[in-house]
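Small disclaimer: the values here were computed from a predicted structure and weren't measured. Here is how names work: the chains are called A, B, and so on, in the same order as the sequence lines, proteins then strands, and each is numbered from 1.
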There are 2 protein chains.
Amino acid sequence: MDPDSTASDSTASDSTASDTTAPDPAGPDTAAGPERLRSDARHNRARILEAAREAFAARGLDVPMAAVARRAGVGVATLYRRFPTRESLVTEVFADRLADCVGVVDEALADPDPWRGFRTVIEKVCAMQVADRGFTAAFLTEFPGAVDFERERMRAERGFAALTRRAQEAGYLRADFARTDLTLVMKANDGVVAESSEAAAAASRRLVAYFLQAFRSDHTTSAPDLPPPAPIGLYRFDLLTEGR
Amino acid sequence: MDPDSTASDSTASDSTASDTTAPDPAGPDTAAGPERLRSDARHNRARILEAAREAFAARGLDVPMAAVARRAGVGVATLYRRFPTRESLVTEVFADRLADCVGVVDEALADPDPWRGFRTVIEKVCAMQVADRGFTAAFLTEFPGAVDFERERMRAERGFAALTRRAQEAGYLRADFARTDLTLVMKANDGVVAESSEAAAAASRRLVAYFLQAFRSDHTTSAPDLPPPAPIGLYRFDLLTEGR
DNA sequence: CCGAAAACGGAAGGACCCGTCCACTTCTGG
DNA sequence: CCAGAAGTGGACGGGTCCTTCCGTTTTCGG
């Protein structure tokens with residue numbers, strides 16, 4: 001049925017073992033650094049990232065590589081040399097956005113009001129989804145190769161978990177709210193926002209309001225049972241482009 | 001050019017209008033019916049519909065035409081002759097599913113309990129989304145060409161509106177629930193279900209429970225304001241395949 | 001200033017998918 | 001039974017996108 005079998009990319013392991021070419025004198029454990037780039041190359045790299053950011057935000061992660069290249073004013077080869085895989089480009093582009101998330105969470109934790117902190121995170125994350133069509137997929141996808149990306153996301157998740165716990169202990173958030181419910185919210189909001197438009201923003205706000213209404217637990221009396229949390233899996237990266 | 005063209009391809013074998021098994025010798029031009037199909041052609045048509053139903057359910061509306069043809073055991077030409085456009089195939093395949101929807105709504109209206117009726121529709125529709133990956137897109141897409149498809153959907157929507165009103169008047173459903181909120185729910189659920197999996201079904205149930213919690217209005221005391229309903233547009237058919 | 005290494009752009013080779021065309025096959029009615 | 005119309009399948013031209021390859025241009029240390 002499916003003869004194609006995209007297996008291929010087993011080569012993806014760039015950093016495997018002995019990388020002969022780079023003597024790596026200073027020993028920057030951060031690795032994969034864009035160091036020692038020729039000036040024009042560095043310039044182009046920045047242009048590519050900028051173009052990709054715009055393109056992903058406007059049209060989602062499935063933008064043709066050639067479109068990114070054109071937008072950046074470079075040839076496709078340049079793009080591929082700098083970012084051998086779409087994944088590498090995506091993780092690089094969304095690193096900042098992810099940092100923003102962590103910032104949002106930290107800020108919320110600093111808020112003395114547990115519920116307002118919780119609510120703010122939900123609202124802001126959903127707003128980011130509206131503002132950036134690629135954000136959801138990037139955030140909800142597992143990138144086994146991008147170590148620091150994964151670490152950063154985990155940090156955001158952990159912070160949100162703390163936020164959740166605090167709101168629950170204060171009695172504002174229903175006790176059966178699960179950590180995976182954030183994923184639930186994000187996927188739901190993604191569905192609403194998918195067709196970007198002005199109306200989408202309004203719809204998203206309404207959705208969020210409904211969610212918050214459901215999450216809130218001060219009307220404790222009547223909250224009925226909820227189906228089990230059922231951990232929602234993250235996307236696998238290859239799924240993002242496979243269904244086409 | 002071509003004012004109505006393919007308008008009625010109904011051929012719905014049984015129910016359509018006054019099913020005149022007779023070749024309708026009087027005025028055949030009005031009918032444009034696909035009757036008079038050779039036996040093998042009719043057989044193939046059925047196989048195609050069956051294959052398309054399966055394919056759409058399993059992988060969404062973006063299945064390659066060739067895949068449907070292969071699955072049906074026919075050549076692409078046969079598929080294209082019977083269904084000149086993907087749209088015609090989709091509307092034909094989902095005509096039944098749409099009828100099911102109307103049935104669900106009617107059944108719910110027959111339920112003496114207004115809230116249970118309302119709730120049941122939400123639950124069943126979302127369950128249909130889980131069971132059929134193509135359902136959401138088909139239901140939420142505007143098919144200007146498929147008159148009876150549109151009519152049927154409108155009937156379902158009208159029924160749901162009645163259901164909504166009834167539940168609101170009985171005081172079970174919050175007064176600011178808008179008709180377009182059904183679309184909101186469907187899109188949100190679609191987002192959750194998009195990555196079909198076992199977990200998706202559970203996630204969908206949880207989502208629905210949250211929604212119902214938010215919609216319910218017997219804890220009237222504390223329902224905060226909601227952002228405006230903001231009519232969520234349907235998909236345009238060309239959008240379904242354009243973003244690729 | 002100069003030459004080698006690095007970087008560049010575009011072309012080219014695959015892989016899909018769409019929708020049409022045409023030579024061949026299969027019904028059907030007399 | 002048989003001729004011809006209805007029906008069929010697969011090949012084909014036209015697109016889009018991915019990824020690599022290669023001749024040319026640019027940078028930069030000496």
Side-chain angles (χ1 to χ4, degrees), chain A residues 1-12 14 20-23 25 34-49 51-52 55-56 59-90 237-238 240-244, chain B residues 6 11 23 25 33-48 51-52 55-56 59-90 237-238 240-244:
Chain A
M1 286 278 185
D2 256 327
D4 57 335
S5 78
T6 38
S8 58
D9 287 335
S10 48
T11 70
D14 48 342
T20 51
T21 49
E35 56 252 43
R36 294 312 65 166
L37 272 188
R38 233 170 63 177
S39 65
D40 55 343
R42 193 156 357 105
H43 176 235
N44 279 337
R45 187 173 195 278
R47 303 236 313 171
I48 289 171
L49 280 175
F56 289 158
R59 312 204 284 158
L61 258 38
D62 276 353
V63 175
M65 293 294 255
V68 174
R70 194 163 0 100
R71 195 169 195 141
V74 304
V76 280
T78 302
L79 173 51
Y80 274 100
R81 187 170 323 101
R82 224 41 81 200
F83 303 96
T85 69
R86 180 187 297 269
E87 178 175 341
S88 61
L89 180 57
V90 168
F237 182 74
D238 43 298
L240 284 183
T241 46
E242 162 257 313
R244 309 156 61 80
Chain B
T6 56
T11 187
E35 345 278 309
R36 295 307 63 144
L37 269 188
R38 232 170 64 175
S39 64
D40 55 342
R42 196 172 23 234
H43 177 235
N44 277 340
R45 187 173 196 280
R47 304 238 309 170
I48 289 172
F56 289 157
R59 311 205 285 156
L61 258 36
D62 275 353
V63 175
M65 293 294 254
V68 174
R70 193 164 359 100
R71 193 168 196 141
V74 304
V76 280
T78 302
L79 173 51
Y80 275 104
R81 185 169 328 97
R82 225 40 83 197
F83 303 96
T85 68
R86 179 186 296 271
E87 178 175 341
S88 61
L89 180 58
V90 168
F237 183 76
D238 44 296
L240 285 182
T241 46
E242 162 258 315
R244 311 159 61 76

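- If you check residues 68-77 of chain A against DNA chain D, the residues with a heavy atom closer than 4.0 Å are A:V76, A:A77, listed by number.
- Remark: the backbone N or O of B:R45 is not paired with any side-chain donor or acceptor of B:R82 at under 3.5 angstrom.
- Between the side chain of A:R42 and the backbone N or O of A:L37 there is at least one donor-acceptor pair closer than 3.5 Å.
- Spacing between atom CZ of B:R59 and atom P of C:dC16 amounts to 13 Å, rounded to whole angstrom units.
- When all heavy atoms of A:I48 and A:V68 are compared, the closest pair comes out as O-CG1, 4.2 Å.
- Residue B:Y80 places its side chain closer to C:dG19 than to any other of D:dT26, D:dG7, C:dG19.
- Taking atom CE of residue B:M65 and atom C1' of nucleotide D:dC12, one finds them 18 Å apart after rounding to whole Å.
- For A:R38 against C:dA7, no side-chain N or O and base N or O form a donor-acceptor pair under 3.5 Å.
- Residues A:A66 and A:V76 share a closest heavy-atom pair of CA-CG1, 3.7 Å.
- For A:T78 and C:dG9, the shortest distance from a side-chain N or O to OP1 or OP2 is below 4.0 Å.
- Of the listed nucleotides (D:dC28, C:dC8, D:dT8), D:dC28 has the atom at the smallest distance from the side chain of A:S39.
- The CG atom of A:L49 sits 6.5 Å away from the CG atom of A:L89 when rounded to the nearest 0.5 Å.
- Between A:A55 and A:V63 the shortest heavy-atom distance is O-CG2, 3.6 Å.
- Rounded to a whole Å, the CZ atom of A:R42 is 10 Å from the P atom of C:dA7.
- In this structure, A:D40 atom CG and D:dT26 atom C1' are separated by 6 Å, rounded to whole Å.
- Following rounding to the nearest Å, B:L89 (CG) and C:dG19 (C1') show an atom-to-atom distance of 14 Å.
- Note: CZ (B:R81) to C1' (C:dC22) measures 11 Å, nearest angstrom.
- Taking the side chain of A:R82 as heavy atoms from C-beta on, and the options C:dA7, D:dG7, D:dC17, the nearest nucleotide is C:dA7.
- Minimum atom distance to the side chain of B:R86 is reached by C:dC18, of the listed C:dC18, C:dT28, D:dT8.
- Using a 4.0 Å cut-off, no side-chain N or O of A:N44 falls inside it from OP1 or OP2 of C:dA7.
- In this structure, the CD atom of A:E87 is 15 Å from the P atom of D:dC18, given to the nearest Å.
- Taking all atoms of both residues into account, the shortest heavy-atom contact from A:A72 to A:R47 is O-NH2, 2.8 Å.
- Following rounding to the nearest Å, A:R47 (CZ) and C:dA7 (C1') show an atom-to-atom distance of 15 Å.
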